[in-house]
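Some notes on the structure that comes next.
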2 protein chains.
Amino acid sequence: MKGIALLGGPTEQWPENLSLILRQAKTMGAIIASSDRGSLFCLEMGIIPDLAVGDFDSLKKDELTKVQSKVADVRYSHPVKDLTDSELLFEALLQDYQVDELEIYGATGGRLDHFFVNIFTFLHNPLNQFCSKVKIIDKQNIIKILNPGKHNLKRQEGFNYFGVSSLSAVEGLNIKKARYLLTDYNNQFPVMFSSNEFIGDEVEISFETGRVMFIYSKDRDRFHNLQ
Amino acid sequence: MKGIALLGGPTEQWPENLSLILRQAKTMGAIIASSDRGSLFCLEMGIIPDLAVGDFDSLKKDELTKVQSKVADVRYSHPVKDLTDSELLFEALLQDYQVDELEIYGATGGRLDHFFVNIFTFLHNPLNQFCSKVKIIDKQNIIKILNPGKHNLKRQEGFNYFGVSSLSAVEGLNIKKARYLLTDYNNQFPVMFSSNEFIGDEVEISFETGRVMFIYSKDRDRFHNLQ
């Protein structure tokens with residue numbers, strides 16, 4: 001079963017067709033889950049999530065009543081807690097619902113302390129063991145966390161660039177079958193190799209120890225939009 | 001001398017008064033520098049940067065002519081290079097111009113491979129030695145990179161939250177004088193402690209080995225803005 005999580009990050013970072021993505025996924029039997037303001041965003045799109053996690057402080061009373069009456073599995077978090085609502089949501093989907101694929105939206109932009117939680121939580125157990133199933137997606141990026149070993153990353157339509165970054169001490173990092181190659185790279189601290197390009201259908205990333213982040217990236221459609 | 005760098009990231013991430021910030025800084029004798037589309041953004045705001053770095057591929061011919069005729073120090077980068085334009089800009093400001101304070105805007109959002117370069121480059125020399133002088137700023141966040149030792153981080157007006165994250169293996173991490181405390185924390189991989197709060201004028205962060213990121217954060221003004 002596929003899971004889709006919508007977190008409370010800014011809607012401007014969503015892929016443009018997110019409402020359609022959620023609707024189609026629901027039709028195909030995916031579980032739709034939300035945390036924080038993500039639950040409200042779902043309801044505003046006319047989509048009832050199957051699972052909602054949060055303290056729901058930001059919802060008005062009638063909105064909370066709607067969540068409680070419509071959502072099958074509502075899990076209440078405590079404002080002072082060790083895990084964030086997004087982490088509770090990821091654990092519920094990957095451990096309890098045992099989804100075998102998880103797409104996460106609304107995880108980027110806005111408050112960057114929240115953003116880094118959403119990335120770094122997948123470096124640690126219990127969530128690290130599931131990281132191969134997870135994609136964090138926004139309108140210009142798809143983020144994957146990789147554990148040691150050999151990974152073939154397939155080209156994604158519309159994403160012309162990719163970046164490879166260590167997120168820890170790393171040993172023996174290789175980038176193969178790409179425009180810019182890297183061989184047996186070691187570093188104590190994270191380093192991002194950005195703006196690399198696919199030359200075929202996939203690139204090969206391998207490393208022996210540490211954690212690595214792979215980001216599919218694309219330039220924005222509009223050139224810019226001055227405030 | 002203070003330096004201000006404007007990179008090519010999305011303008012939606014700027015603090016709302018960035019044009020005023022640049023103007024006032026210039027009046028006070030700061031050096032204004034730009035990379036990539038940042039140079040174009042400066043010109044559109046009627047601000048002539050003192051230093052511009054880039055391959056300028058994204059500028060039209062008359063825009064490039066304007067940059068060449070108006071900007072005192074134009075540095076051309078090669079599209080295929082080891083350092084990104086933003087890294088070349090940071091090095092020029094910190095090493096050549098020897099600014100003793102550097103504020104970086106336009107470094108967040110958009111392509112996240114670019115974003116992570118802008119953060120992680122300060123974990124390594126030559127730039128790491130200057131990291132105490134540097135702030136990466138957007139409309140909801142101020143990011144600082146910390147080296148081992150004891151740091152007192154002063155409260156910043158309008159930023160109610162902060163996050164502390166290791167960006168490497170870390171030993172002996174402490175958070176003191178804050179709402180949520182942390183004592184002698186060790187971890188092999190990065191972990192973000194988010195949504196902490198000031199209780200006085202400053203918090204104290206200390207650690208023995210590794211690299212740490214401190215993020216001042218605030219919630220956005222508008223509740224949300226559905227697409």
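Within every chain, numbering begins at 1; the chains are lettered A, B, ... in the order of the sequence lines, protein sequences first and strands thereafter.
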If you tally heavy-atom pairs under 4.5 Å against chain B, which of [options] wins?
{"options": "A:G109, A:S166, A:P10, A:S195", "result": "A:S195"}
{"options": "A:G210, A:S194, A:P190", "result": "A:P190"}
{"options": "A:D82, A:N141, A:V191, A:I215", "result": "A:N141"}
{"options": "A:V117, A:V164, A:D113", "result": "A:D113"}

Where on [X] is there a heavy atom nearer than 4.5 Å to chain A: the side chain, the backbone, both, or neither?
{"X": "B:D138", "answer": "side chain"}
{"X": "B:N187", "answer": "side chain"}
{"X": "B:F193", "answer": "neither"}

> Checking A:R179 against A:F198: charged group under 6.0 Å from the ring centre and within 45 degrees of the axis?
Replying inline: no

> Is the NZ or CZ atom of A:K218 positioned over A:F159's six-membered ring, under 6.0 angstrom from the centre and within 45° of the axis?
Replying inline: yes

>> With salt bridge (Lys or Arg N to Asp or Glu O under 4.0 Å) as the test, pick out the partner of B:E202 among B:R155, B:K176, B:K154.
In response: B:K154

> Among B:S165, B:S168, B:G163, B:G110, who wins on heavy-atom pairs under 4.5 Å with chain A?
Replying inline: B:G110

> After noting the C-alpha distance and the side-chain angles of B:D55 and B:S77, does the key distance pass the side-chain hydrogen bond (donor to acceptor under 3.5 Å, both in side chains) rule?
Replying inline: CA-CA 5 Å; B:D55 57 22; B:S77 65; 4.9 Å; no

> Are the side chain of B:Q24 and the backbone of B:I21 linked by a donor-acceptor contact shorter than 3.5 Å?
Replying inline: no

> In chain order, what residues pass the side chain to side chain contact (heavy atoms under 4.5 Å, CB included) check against A:A92, with sequence neighbours excluded?
Replying inline: A:L51, A:R75, A:D96

>> Checking an interface table here. Which of residues 120-136 of chain B come within a heavy-atom distance under 4.5 Å of chain A?
In response: B:F120, B:L123, B:H124

> Given A:N174 and A:T183, is the side-chain hydrogen bond (donor to acceptor under 3.5 Å, both in side chains) satisfied, shown in steps?
Replying inline: CA-CA 5 Å; A:N174 296 288; A:T183 303; 4.6 Å; no

>> Does A:E44 form a salt bridge (Lys or Arg N to Asp or Glu O under 4.0 Å) with A:R37? I'd like the steps, not just the answer.
In response: CA-CA 11 Å; A:E44 288 182 347; A:R37 294 182 303 170; over 6 Å; no

> Should the ring pair A:F116 and B:F115 be called parallel, tilted or perpendicular, given that the plane angle runs from 0 to 90° and is split at 30 and 60?
Replying inline: tilted

> Side chain, backbone, both or neither: which part of A:F162 has a non-hydrogen atom closer than 4.5 Å to chain B?
Replying inline: backbone

> Should B:N147 and B:R211 be marked as a side-chain hydrogen bond (donor to acceptor under 3.5 Å, both in side chains) after you check the CA-CA gap, both sets of side-chain angles, and the distance that decides it?
Replying inline: CA-CA 5 Å; B:N147 281 332; B:R211 297 284 184 272; 3.3 Å; yes

